[in-house]
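One structure below.
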Amino acid sequence: MDVFTASILLILILLPLLGFYFRQSWLKPPLPPSPSSGLPLIGHLHLLGKLPHQSFQALAEKHGPIFSLRFGFRHAVVISSTDLAKEVLRVHDATFASRPSNVGLDIGFYKYFMGGAPYGDLWKQLRRLYSVELLTSKRIDSFLPLRLEELSLMLSGLARAHERNEAVDMRNLLTCFTFNTITRILMNKRYFQHQGEELHGIDSSEASVFKAILVELSETALQFRISALLPSYLRWIDWSVYWIRRLHAKQDQFLQKIIDEHKNEKNTSTSSKDIMDMMLGLLAEDPRGEDIVKAAMTELVSGGTDTSATVIEWALAEILHRAPRVLDKAHDELDAVVGRSRMVDEADLPRLPYLQAIIKENFRLHPPAPLLVPHMPTHESNLAGYRVLGGTTTFVNVYAIGRDPALWDEPLEFRPERFLGSSMDVKGQDFELLPFGSGRRACPGMGLGLRTVQLALANLIHGFHWSAAEENALEEAGGAVIWVKTPLKAMASPRLPVEVLAWS
Ligand code: HEM
């Protein structure tokens with residue numbers, strides 16, 4: 001065959017293929033709009049800033065409620081409207097129920113990290129374990145005495161600080177409270193002292209190793225490390241993985257010691273079971289059992305500590321610095337419903353609509369996870385007429401939705417009254433307010449988180465008169481959750497007799 005005939009034949013073969021290819025791409029919907037300022041290799045990484053939810057909010061104002069970005073080899077889309085949040089979390093819930101991979105987290109969570117697991121059998125198994133066995137309403141009820149004891153210790157600590165005329169670092173106090181509460185529920189361990197409390201029985205060196213591991217893992221989860229820019233087969237280049245491996249060895253030692261203690265105590269102790277006991281029992285026949293237990297302890301402590309602490313700190317900071325009148329209204333409600341001779345208990349909470357409104361308003365302005373945890377579609381999907389490729393990291397910016405002037409009157413004001421008489425809730429049915437997400441990847445710790453936050457805030461407000469100890473501009477600082485940049489310092493003086501404050 002001469003060259004001419006061969007070329008004609010080649011064209012005849014290629015033409016239909018090219019035609020098919022172009023027809024496919026022309027017929028397909030376009031990709032979401034994208035900022036034109038992408039750079040070679042890193043893509044849009046330089047647009048992220050220290051607080052990505054704020055950078056994304058500004059980008060949404062320019063590019064609309066869905067836009068796409070590229071970080072190295074990875075594609076991302078950012079969603080910033082209620083309609084699109086509903087599409088991702090409800091209409092296409094199953095498609096978007098996966099998570100982008102993260103090599104550091106695979107190590108830190110023994111490959112059994114439910115929050116980061118791809119949508120599949122392992123995730124379903126772990127989710128069932130968490131939701132049906134460990135974090136049920138009945139289980140949370142059974143830990144009420146212990147939760148009240150921790151609360152009472154925190155309130156007594158505040159009263160003692162008042163006797164010494166000391167301002168209190170509320171960040172420190174609240175993280176001790178939530179950390180102790182969760183570690184007692186999980187493994188019957190109490191690690192931190194409150195201000196003024198005796199050191200007796202507390203092993204703070206162990207706690208600090210565990211806390212350091214949690215901080216490192218959280219940062220790994222959030223930061224765009226080198227590995228996030230690379231295709232998965234090149235992730236071994238990321239040196240931070242070696243650092244996490246070293247920390248992981250200490251984490252393993254720490255958790256193994258507690259597991260061994262639990263196993264040894266099993267036959268001798270008659271004390272009530274903690275969650276580690278329950279898991280060891282449930283997984284006794286599973287060869288992965290102890291690793292799953294270690295992963296769960298790490299996950300539940302990291303998911304359940306700072307989230308609740310930051311919510312309470314933000315609420316007090318907003319009230320003390322920007323809306324002191326809210327404190328008077330909340331005191332009036334608490335005096336009318338609870339009275340001054342006792343503390344607030346869980347049964348009172350449904351009868352405190354203003355307190356509930358404070359908490360909703362706080363979640364609207366300060367969701368601890370402003371971009372949720374990134375979702376990922378398992379296959380190509382269509383959102384608002386745009387094509388979202390399978391494997392795209394998908395951020396739902398609930399922070400931007402909570403501050404959208406089209407949805408909220410004077411969105412930057414802290415005004416709990418906007419929720420009075422409204423049926424809007426934070427539990428995932430109202431897409432204007434999604435601090436716990438919605439759908440199958442929504443937070444399984446919502447019940448425990450909400451009850452911790454409601455009871456603690458109600459009692460902090462009921463028990464004390466408050467004033468800010470220093471100026472605070474209430475800026476945000478990034479981390480695993482969004483904190484008040486300068487920790488809140490406050491003066492608290494008891495409103496109720498001290499013996500009432502230490503009621504448990
Ligand atoms: C105020 C407290 C809390 C807030 C605001 C919060 C918020 C969230 C959010 C936004 C997500 C991701 C939802 C999504 O991707 O769509 C999440 C997931 C998760 N949370 Fe929470 N959380 C809180 C407390 C807790 C507690 C107390 C625990 C457990 C003790 C917990 C355990 C988890 C776990 C395991 C996941 C991963 C779920 C999955 O991927 O299937 N959280 N949380």
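Sequence positions, counted from 1, serve as the residue numbers for this chain. As the structure lists them, so they are numbered: ligands from 1, and atoms in each ligand from 1.
- The protein heavy-atom contact nearest to atom 7 (C) of ligand 1 is Pro435 O, 3.5 Å.
- Of the residues Lys189, His262, Arg184, the one that meets the side chain to side chain donor-acceptor pair (under 3.5 Å) test with Asp274 is His262.
- We find that Glu432 and Lys86 are not joined by a salt bridge, their nearest charged nitrogen and carboxylate oxygen being 4.0 Å or further apart.
- For atom 21 (Fe) of ligand 1, protein N, O or S atoms closer than 2.8 Å were enumerated as Cys443 SG, with waters left out.
- The neighbour count for Gln253 CD, taken as heavy atoms of other residues, nucleotides or ligands under 6.0 Å away, does not exceed 12.
- The cationic group of Arg403 does not satisfy the cation-pi geometry with Trp408, failing either the under 6.0 Å distance to the six-membered ring centre or the 45° limit from the ring axis.
- Of the protein's non-hydrogen atoms, Arg441 O, 3.3 Å is the one closest to atom 13 (C) of ligand 1.
- Looking at Asp348 and Arg351, a side-chain N of the basic residue comes within less than 4.0 Å of a carboxylate O on the acidic one, giving a salt bridge.
- The shell of residues lying under 4.0 angstrom from ligand 1, judged by heavy atoms, excludes Val301.
- The residue among Val453, Thr181, Val373 with a heavy atom at the shortest distance from atom 11 (C) of ligand 1 is Val373.
- When the options Arg440, His366, Arg451, Arg127 are ranked by their closest heavy atom to atom 38 (C) of ligand 1, first place goes to Arg127.
- Electrostatic pairing of Lys50 and Glu476 does not count as a salt bridge here, judged by no charged N lying under 4.0 Å from a carboxylate O.
- Remark: ligand 1 atoms within the under-4.0 Å shell around heavy atoms of Ile182 are 30 (C).
- Salt bridge Asp169/Arg171: absent, no basic N to carboxylate O contact under 4.0 Å.
- Here Glu413 does not pair with Arg418 in a salt bridge; the nearest charged N to carboxylate O distance is not below 4.0 Å.
- Across Pro367, Pro368, Ser131, heavy-atom proximity to atom 5 (C) of ligand 1 is greatest for Pro368.
- The residue Val398 has no part lying near ligand 1, judged by heavy-atom distances below 4.0 Å.
- Contact annotation: the side chain of Val311 never approaches that of Thr307 to less than 4.5 Å [non-hydrogen atoms, C-beta and beyond].
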